[in-house]
Amino acid sequence: MSGQPTLSGNRGLQIEEKLIFEMDNPGSVAVDLPEPGPIDLDRMGGVARRGRIGLPDLSEPQVVRHFTRLSQKNYGIDSGFYPLGSCTMKHNPRLSEKMARLPGLADLHPLQPQKTVQGALEVIDSLAFWLKELTGLPAIAMSPAAGAHGEWCGLMAIRAAHEDRGEGHRRRMLVPESAHGTNPASAAMCGFTVDPIPAKDNGRVDLDAMKAKLGPDVAGLMLTNPNTCGLFESEIIEIAAAIHGAGGYFYCDGANFNAIVGRVRVADLGIDCMHINLHKTFSTPHGGGGPGAGPTVLSAALAPYAPVPYVVHGPQGLELVEGAREGAKPFGRVKGFHGQFGVFVRALAYIASMGADGLRQASGDAVLNANYLQASLSDALTASFDGPCMHEALFDDRFLKDTGVTTLDFAKALIDEGYHPMTMYFPLVVHGALLMEPTETESRETLDQFIAVVKGLAGRAKAGAAEDFKAAPRLTPRRRLDETLAARAPVLRWKAST
Amino acid sequence: MRYLPLTESDRRAMLDVIGAKDVDELFRDVPAAARLAEALPLPRHQGEMEVERAFTRMAHKNLSAGCAPFFIGAGVYRHHIPASLDQLLLRGEFLTAYTPYQPEVSQGTLQALFQFQTQVAMITGMDVANASMYDGATAAAEAAIMACRVTKRNRVILSGTLHPHYVETTETSLRYTEMTAEALPPDPLGFEDLLGRIDAATACVVVQNPGFFGGVKDLRPLAAACHGAGALLVVMVAEPTSLGLFDSPGAMGADIVVAEGQSLGIGMNFGGPGLGLFATRDKFVRQMPGRLAGQTVDVDGKRGWVLTLSTREQHIRREKATSNICTNSGLCALAFSIHLTLLGETGYARLAELNHAAAVRLEGKLKAVKGLRVLAGSYYNEFAVHLGDDVDAAQVVDALADRGILGGVPASRFWPSWPELRPVLILAATETNTEADMDSLVSALKEVLS
């Protein structure tokens, strides 16, 4: 920044904001509560709190201003283009927020008598219907709370199915090297060992290498499709046949479902189960890290092992099954209550808005936007693979060779240009990866501006402006942060003495 | 379609740049047999008005808590949420941001998480808290797993005071591992003997306080017994407003504190999303699951925040990670933190007092119901009652619902095959309950039980 530093440390709309603990004004209140009257110590089990907790006292205007200022230090989809690969950062419709706040849906307790919550069960059942139709799979576990949780749920069903058949010795799970880190981590939590399978030069699973790994101890295969390189696994039907032939199940990581919704049903690919990130494909907000939801669709073979609870159509209307019942062999329960209901409402509102035609149009536009980026940037950057991509375009850092600029520097320079960076250094199978997922909710104008900026930056990098890249970002509330210091001497909370 | 900016002429022009005839050509890697030629035969897109109409219709099929005297708890509690909270939560920069992996454009989320972690550590009496888990149930399971990792032992004891969903979730999580969960029977009277079960193979005891049936205990003797045997004490707090009134689990000797944070800032939402709180001692921080925000400085020396200690996490460690968790409950953590900030020290303590006072008042009024006895000698804002030997609490709750009253949860909903729990009803009262609500419940109970 040029010019003198300001007296306040603020810079126009960028306002420095202390921690709430540093603003404590004892005696201030932001919530007016009635007098409780004298407290009956008889009922407190002898453990009434002595002493202060240390929470700060503030008034409502101070609290509102504090969090408003914090929000201004963030970049959201509402702020601008967010081409974060593998994350499907699409527009979050506000109608969905409005529907989730209807008192008849929001102000419901999960343990009310079921006859008083038929509308809520209808929400769950309707969403389950759509997700089963869109995937072609006959059953679904609605309760997983996020993608990784859904992965674990699907793998638990696989493990339970093997155990039930007396094949509990099947403990080896095949996972491609390009998989999300959650895949091997989820497999480990089900007692599986992870056996990596390599990719071919064209970015797809090496079918022969995979076949060579099959054996009587193989439990299944976890595959992301479209994969983390943004490519459709063109041999997927052969892959499915191979794993089934060896007695294993085929798990699909559904993180990239947005590319194929309404165009491909995963059941037709031979997949046995797949989690669906409602916070990606079905547009519920990421909220700075969650909450999400990861309903997991299941094939007929895995359906009996679905965890509780689930909704069935009974003689009295919709019924929530919370325990074991005839014919079912649930592997257990994955979380409290009945799933991420508030997220379900939002996802269903989005689906109802889009309809079957809109969902198909959305996946088409998502793939079109990604291919437009890939085609428009392939001169300036280096695309990792030939041919059309699906919903995300993958580049590597060959275009930065000998410039002294790294993928990280390039991403940080984009921040100064007003963009959220793309995903960097993932997938691990290409060098210095830059993974861009534009989604269908970006206009051509936005993409054209972004393309011009990326080309311009690539030109500057090649022209020898490494120092400028190393110094980026310059215009953010904070510049590059010392992550090594943070990890070496962790300060994970405020303390009165500091 | 209102969420799709591309027009037909955009699409045409873009296909020309790509050099493709149509969009279908971009899907040529998909095996032809698996390609759908057209949209599925399902409802088509709708405008806002139509969608609102359909959702309003579904909402009207429910009896919402605001329309009934309401006394349900058992892991989800109805509290008043200050109006400013939701307005802040809806700010697009919070709502529509991703996980703060790019700290320069995420200082808002990161500072908020750092403050959240501090608040959670303070109220639980622990050194450090993470940036959230999915909910109380999964936090309990993760705590059990972490305790096994820390102690290098495999036996987990689950108290009969623990919420049955937390028990089931923990059992499920350990099901296909080396670890084993030993769940004690439900303990409505607070009689269980945990001390006698701790042995040299025990990794941890997981206990809930206030317990699922309402009882509040001094956990110091249990903590001493755990530590004497080299085991950890994991304390679950299902109702975090209670910590405004009681000694913290940390002060009583807990090694890991987990909680369901729904009570603060997050509505009931039919049970999800919730908010898992997870706190522990400094010495165990590298064994923790989940994300952590930490303080650091930028290149100009200014204080800022980043996600840190990520070498514990799945995106770095893969199958050796402390957990597979990635997406957590970020926005719920923000809601929790905003609510606690609005309350402050003064409001948090007062809210807890109001809740306890409401429950004491309800207990007093229930004395008028013949045959009913309160089971817990101590409690916060919730207690179990016994309705009489021949009474089926589920039928009572059903009859109350017919009278427009949401009158608690029958224990048989969780333990359908335990006859001795058939007459047990769990009732909660919070600051939202009026005198009139309580009088309605009492007179309806008299009527139903007569």
Side-chain angles (χ1 to χ4, degrees), chain A residues 30-31 36 45 47 55 57 67 70-71 73-78 99 102 104 107-111 113 116 119 145-146 148 181 184-186 188 191 232 234 268 287-292 332-333 336-337 340-342 355-358 360 364 372 375 388 443-444 476 478-479 486 491 493-494, chain B residues 5 10 14 18 23 26 29 34 39-40 42 44-45 55 58-59 61-64 72 88 91-93 96-97 99 104-105 107-109 118 134 137 165 168 172 176 216 247 269-273 294-296 298 304 308 314-315 318-319 321 324 327-328 330-331 342 344-345 353 378 401 409:
Chain A
V31 180
V47 286
L55 297 169
D57 279 343
F67 284 101
L70 289 194
S71 76
K73 300 176 197 296
N74 262 10
Y75 193 96
I77 309 165
D78 286 1
M99 295 302 94
L102 291 174
D107 200 12
L108 293 182
H109 194 286
L111 301 173
T116 68
S186 299
F232 198 91
S234 41
D268 298 335
R333 165 182 283 281
F337 308 105
Q340 304 285 69
F341 182 76
D357 54 333
R360 183 178 166 90
Y372 185 65
S443 68
R444 185 177 155 209
T476 42
R478 289 292 177 271
R479 297 179 57 210
V491 178
R493 62 172 289 187
W494 176 85
Chain B
D10 287 328
M14 292 164 77
I18 297 164
V23 167
L26 303 176
D29 289 337
L40 291 164
L42 293 167
R44 291 171 57 81
H45 69 278
F55 276 73
M58 288 192 283
K61 290 184 188 174
N62 301 320
L63 177 58
S64 70
I72 310 179
L88 292 167
R91 285 195 63 95
E93 303 92 325
T96 74
T99 303
E104 301 90 346
V105 289
Q107 285 298 299
T109 293
T118 305
Y134 307 131
H165 285 179
E168 288 173 38
T172 304
Y176 296 125
V216 178
D247 267 345
N269 296 306
F270 202 46
Q295 185 175 306
T296 186
D298 77 352
T308 192
Q314 47 76 25
H315 59 284
R318 301 175 79 86
E319 66 266 31
N324 70 338
T327 288
N328 56 21
L331 200 69
L342 287 162
E345 179 90 19
E353 289 171 14
S378 62
V409 188

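The basis for the numbers below is simple: all heavy atoms, side chains too, and nothing from hydrogens, waters or symmetry mates. Convention: sequence-line order gives letters A, B, ...; per-chain numbering from 1.
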Out of [options], return the one with the most heavy atom pairs under 4.5 angstrom to chain B.
options: A:Val491, A:Asp57, A:Val47; answer: A:Val47
options: A:Gly332, A:Gly287, A:Gly336; answer: A:Gly287
options: A:Pro291, A:Gly364, A:Gly76, A:Ala30; answer: A:Pro291
options: A:Gly289, A:Ala375, A:Gly104; answer: A:Gly289
options: A:Ala146, A:Gly191, A:Pro388; answer: A:Pro388
options: A:Gly355, A:Ala145, A:Gly290; answer: A:Gly290

Rounded at 0.5 Å granularity, tell me how far [atom1] in [X] sits from [atom2] in [Y].
X: B:Leu26; Y: A:Tyr372; atom1: CG; atom2: OH; answer: 14.0 Å
X: B:Arg44; Y: A:Asp357; atom1: CZ; atom2: CG; answer: 4.0 Å
X: B:Met58; Y: A:Met99; atom1: CE; atom2: CE; answer: 9.5 Å

What part of [X] lies closer than 4.5 angstrom to a heavy atom of chain A: side chain, backbone, both or neither?
X: B:Thr118; result: both
X: B:Val23; result: side chain
X: B:Arg91; result: side chain
X: B:Leu40; result: both

Max heavy-atom pair count under 4.5 Å with chain A, selected residue of [options]:
options: B:Ala97, B:Gly330, B:Ala34; value: B:Ala97
options: B:Lys61, B:Glu104, B:Glu93; value: B:Glu104
options: B:Phe55, B:Tyr176, B:Tyr134; value: B:Tyr176
options: B:Arg318, B:Gln295, B:Gln107, B:His315; value: B:Arg318
options: B:Val105, B:Val216, B:Thr308, B:Asp10; value: B:Val105
options: B:Pro273, B:Ser378, B:Ala137; value: B:Pro273

Quiz prompt | B:Asn269/A:Leu108 under side-chain contact (heavy atoms from CB on, under 4.5 Å): CA gap, chis, key distance, verdict | solution = CA-CA 6 Å; B:Asn269 296 306; A:Leu108 293 182; over 6 Å; no
Compare all side-chain heavy atoms of [X] with those of [Y] and state whether any distance is below 4.5 angstrom.
X: A:Arg333; Y: B:His165; value: yes
X: A:Ser71; Y: B:Leu88; value: no
X: B:Phe270; Y: A:His109; value: no

Check: [X] side chain, [Y] main-chain N or O, donor-acceptor pair, under 3.5 Å:
X: A:Asn74; Y: B:Thr109; result: yes
X: B:Asp29; Y: A:Ser234; result: no
X: B:Glu319; Y: A:Pro184; result: no
X: B:Asp298; Y: A:Arg478; result: no

Self-check item: Under the side chain to side chain donor-acceptor pair (under 3.5 Å) test, residues paired with A:Thr116 that sit two or more places apart
Solution: A:Gln112
Practice problem: Could I get the full list of side chain to side chain donor-acceptor pair (under 3.5 Å) partners for A:Asp268, not counting sequence neighbours? | Solution: A:Arg265
Practice problem: Might you point out which heavy atoms bring B:Glu345 and A:Leu55 nearest each other, and give the distance in Å? | Solution: OE1-N, 2.8 Å
Quiz item: Given that the side chain runs from C-beta out, which part of A:Leu111 has a heavy atom under 4.5 Å from chain B: side chain, backbone, both or neither?
Solution: both
Exercise. Kindly indicate, with the supporting measurements, whether the criterion side chain to side chain donor-acceptor pair (under 3.5 Å) is fulfilled by A:Asp107 and B:Ser64.
Key: CA-CA 5 Å; A:Asp107 200 12; B:Ser64 70; 5.0 Å; no
